[in-house]
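Written below as structure tokens is the structure these notes are about.
Order of the sequence lines fixes the chain letters, A, B, ..., with proteins taken first and strands second; residue numbering starts at 1 for each chain. Only a predicted model underlies this, so the values are computations on that prediction, with no experimental measurement involved.
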Number of protein chains: 2
Amino acid sequence: MVKDKDLSTEQKILEAAKEVFFDKGMHGARMQDIADKAGINKAMLHYYFRSKDKLFETIFIDATNHLFPMLSSILESDKTVFEKIEVLCSEYINQVAKMPYLPVFILSEASRQQEPFLKKLWKRQKPPLKAFTGMIETAIKQKKIKPVHPLQLLMNILSLCIFPFAAQPILQHAAGISKKDYEAMIEERKKIVPQLIIQSIKK
Amino acid sequence: MVKDKDLSTEQKILEAAKEVFFDKGMHGARMQDIADKAGINKAMLHYYFRSKDKLFETIFIDATNHLFPMLSSILESDKTVFEKIEVLCSEYINQVAKMPYLPVFILSEASRQQEPFLKKLWKRQKPPLKAFTGMIETAIKQKKIKPVHPLQLLMNILSLCIFPFAAQPILQHAAGISKKDYEAMIEERKKIVPQLIIQSIKK
DNA sequence: ATATTTGTTAACCATTTGGTTAAATCGTAT
DNA sequence: ATACGATTTAACCAAATGGTTAACAAATAT
């Protein structure tokens with residue numbers, strides 16, 4: 001009665017599913033493709049995960065799980081606002097760089113499925129939005145930074161951190177540069193973005 | 001032999017197709033849905049436009065057509081770098097605001113179809129990228145602005161202008177604000193973004 | 001009026017897709 | 001060996017989808 005099932009098949013499915021889902025999106029992904037990529041029979045997908053939806057949810061939750069807690073822990077740390085923002089930006093870019101397909105995926109699913117997807121997205125944990133706006137508002141009151149609209153600031157940070165990943169295929173193609181070079185540019189942005197943001201709120 | 005065909009049916013198809021394509025994406029869109037929304041028989045879609053691909057291309061080209069020429073004309077105008085950037089940002093936001101579904105759509109299709117889509121995308125006209133980087137490099141040589149990586153600067157501009165539209169469903173939901181309020185924020189960004197960008201390159 | 005082109009429809013088709021099933025195979029405890 | 005549960009497979013199914021066809025209606029030309 002040991003539950004120590006051999007993970008290899010289940011694991012193969014999960015990895016194949018991750019690739020296909022993030023590449024083709026929830027709708028574009030084909031169960032057959034996942035099965036092929038995992039080197040197993042299509043029926044196995046339904047044996048281990050009841051349906052396409054369930055499989056998708058498993059994949060997605062796993063990929064997203066780390067992000068919010070990381071952001072929260074940074075916001076709750078005992079650093080200055082500037083230090084927090086610096087770490088926030090660079091670490092956010094860092095994490096997304098590990099799964100560069102996620103931004104486009106989330107943006108398009110959220111835009112397509114709206115409510116149902118967003119409900120899934122925040123089900124487990126909400127983004128530490130209050131923590132962020134709170135931090136900014138406090139810093140403004142303490143006159144440590146210029147008075148800015150916290151949401152606009154957040155929008156700036158997210159835009160500068162996330163968009164380059166979402167637009168990678170287009171920009172790389174338009175600028176005619178290699179994947180390596182593009183990744184180097186993103187690496188550089190771990191410094192550029194915090195500078196830009198901090199400069200915009202520094203008194 | 002007058003080519004003055006009654007546009008009503010064709011027009012109905014185009015408008016329905018635009019809605020459905022931009023809402024569901026190229027793959028998610030169903031020909032039947034387009035036909036229903038247009039209030040005509042499905043076969044008419046193939047009568048007027050040979051295939052789903054052709055119909056899609058028509059829609060897409062029409063939606064994109066204005067953008068690049070507008071950017072080019074701004075870049076070629078005889079304003080200062082700062083003025084150009086200011087107009088560039090605000091006008092870009094302005095244009096995208098008229099079709100807020102476009103960013104997610106382009107990002108996801110480019111990420112999904114890669115080559116085929118990008119080929120279609122630049123077929124008619126290439127983005128005035130050289131004009132932009134040229135302008136920046138010149139300004140740097142003339143010591144009018146700080147030395148910056150032109151592509152990084154462009155990435156910043158595009159991020160700040162486009163991302164808020166792509167992330168609207170998520171951010172609006174997360175921040176718990178109304179569509180009206182969100183649109184007001186974007187309106188405000190026509191000033192915020194140029195300020196932020198110009199501040200980052202001003203000596 | 002009548003022929004001919006243009007526009008429109010319902011029914012149909014081949015293919016694809018997520019999902020099911022029943023039989024087979026494998027591991028293992030008895 | 002053999003029984004038994006977990007795992008795996010091939011064949012199958014119903015629904016959906018892009019696309020076609022043939023017949024029908026409306027407009028236009030002769």
Side-chain angles (χ1 to χ4, degrees), chain A residues 1-62 105 108-109 112-113 116-117 120, chain B residues 1-61 105 108-109 112-114 116-117 120:
Chain A
M1 196 52 59
V2 197
K3 236 188 157 229
D4 181 6
K5 52 199 167 184
D6 176 26
L7 286 188
S8 75
T9 293
E10 196 173 342
Q11 210 64 27
K12 273 191 283 181
I13 293 179
L14 286 174
E15 275 177 41
K18 200 198 288 185
E19 280 188 53
V20 177
F21 272 132
F22 287 148
D23 186 34
K24 303 289 177 61
M26 162 70 177
H27 287 87
R30 296 294 106 120
M31 295 295 267
Q32 189 60 59
D33 292 351
I34 297 176
D36 290 349
K37 184 155 281 185
I40 48 97
N41 188 288
K42 181 164 66 95
M44 297 305 290
L45 301 181
H46 295 91
Y47 178 75
Y48 283 100
F49 310 86
R50 292 173 50 102
S51 65
K52 190 185 184 183
D53 276 287
K54 287 274 183 197
L55 176 55
F56 163 75
E57 199 172 328
T58 306
I59 294 292
F60 183 76
I61 298 233
D62 177 69
F105 180 80
S108 69
E109 294 297 324
R112 215 147 286 172
Q113 304 190 39
F117 180 79
K120 256 183 214 166
Chain B
M1 196 50 60
V2 198
K3 247 202 148 210
D4 180 7
K5 51 199 167 187
D6 175 25
L7 287 185
S8 75
T9 293
E10 196 173 343
Q11 209 63 28
K12 273 190 283 182
I13 293 179
L14 285 173
E15 274 178 40
K18 198 198 288 186
E19 281 188 53
V20 177
F21 272 131
F22 287 148
D23 187 34
K24 303 288 177 62
M26 163 69 178
H27 287 87
R30 297 292 105 116
M31 294 294 267
Q32 189 61 59
D33 293 350
I34 297 176
D36 289 349
K37 184 156 281 186
I40 48 97
N41 188 290
K42 182 164 66 94
M44 298 304 290
L45 302 181
H46 296 90
Y47 179 75
Y48 282 101
F49 311 86
R50 292 173 51 101
S51 66
K52 192 184 184 184
D53 276 286
K54 288 276 183 195
L55 175 55
F56 163 74
E57 199 171 329
T58 306
I59 295 291
F60 183 75
I61 299 237
F105 180 79
S108 69
E109 294 298 324
R112 213 147 287 173
Q113 306 190 38
Q114 211 87 324
F117 180 79
K120 258 182 212 167

Rounding to an integer number of Å, can you tell me how far A:M31 CE sits from C:dT20 C1'? 12 Å

Which atom names give the shortest non-hydrogen contact between A:K37 and A:V20, and what distance separates them? CD-CG2, 4.2 Å

What is the separation between atom NZ on B:K52 and atom C1' on D:dT20, rounded to the nearest whole Å? 17 Å

What is the distance from CE of B:M44 to P of D:dG18, rounded to the nearest Å? 18 Å

Over 60° means perpendicular and under 30° means parallel, so classify the ring planes of B:F21 and B:F56, tilted if in between. perpendicular

Quick one: A:K24 NZ to C:dT16 P, roughly how many Å, whole number? 14 Å

May I ask you to say what A:A29 touches in the nucleic acid, namely base, sugar-phosphate or nothing, with a heavy-atom cut-off under 4.0 Å? sugar-phosphate

Just say parallel, tilted or perpendicular for the rings of A:F105 and A:F60, cut-offs at 30° and 60°. tilted

Between B:T9 and C:dT8, is there a contact of a side-chain N or O with OP1 or OP2 at under 4.0 Å? yes

Separation of A:R30 atom CZ from D:dA15 atom P, in whole Å? 19 Å

Between A:F22 and A:I59, does a side chain to side chain contact (heavy atoms under 4.5 Å, CB included) hold up when you go through it step by step? CA-CA 9 Å; A:F22 287 148; A:I59 294 292; 4.1 Å; yes

Check the distance between D:dG18's P and B:R50's CZ and give it to me in whole angstrom. 17 Å

So which nucleotide from C:dG7, D:dG18, D:dT8 ends up closest to the side chain of A:Y47? D:dT8

Closest approach of A:M44 to A:I13 (non-hydrogen atoms, all atoms of both residues): O-CD1, 4.0 Å

On the nucleotide C:dT8, are OP1 or OP2 found under 4.0 Å from the side-chain N or O atoms that B:Y48 carries? yes

B:A43 has a side chain; which of C:dT8, D:dG19, C:dA10 sits nearest to it? C:dA10

Whole-Å distance between C:dA23 P and A:N41 CG? 17 Å

Quick check for you: among C:dT20, D:dG19, D:dT9, whose closest atom lies nearest to any side-chain atom of A:H46? C:dT20

What is the distance, to the nearest angstrom, from the CG atom on A:D53 to the P atom on C:dT17? 17 Å

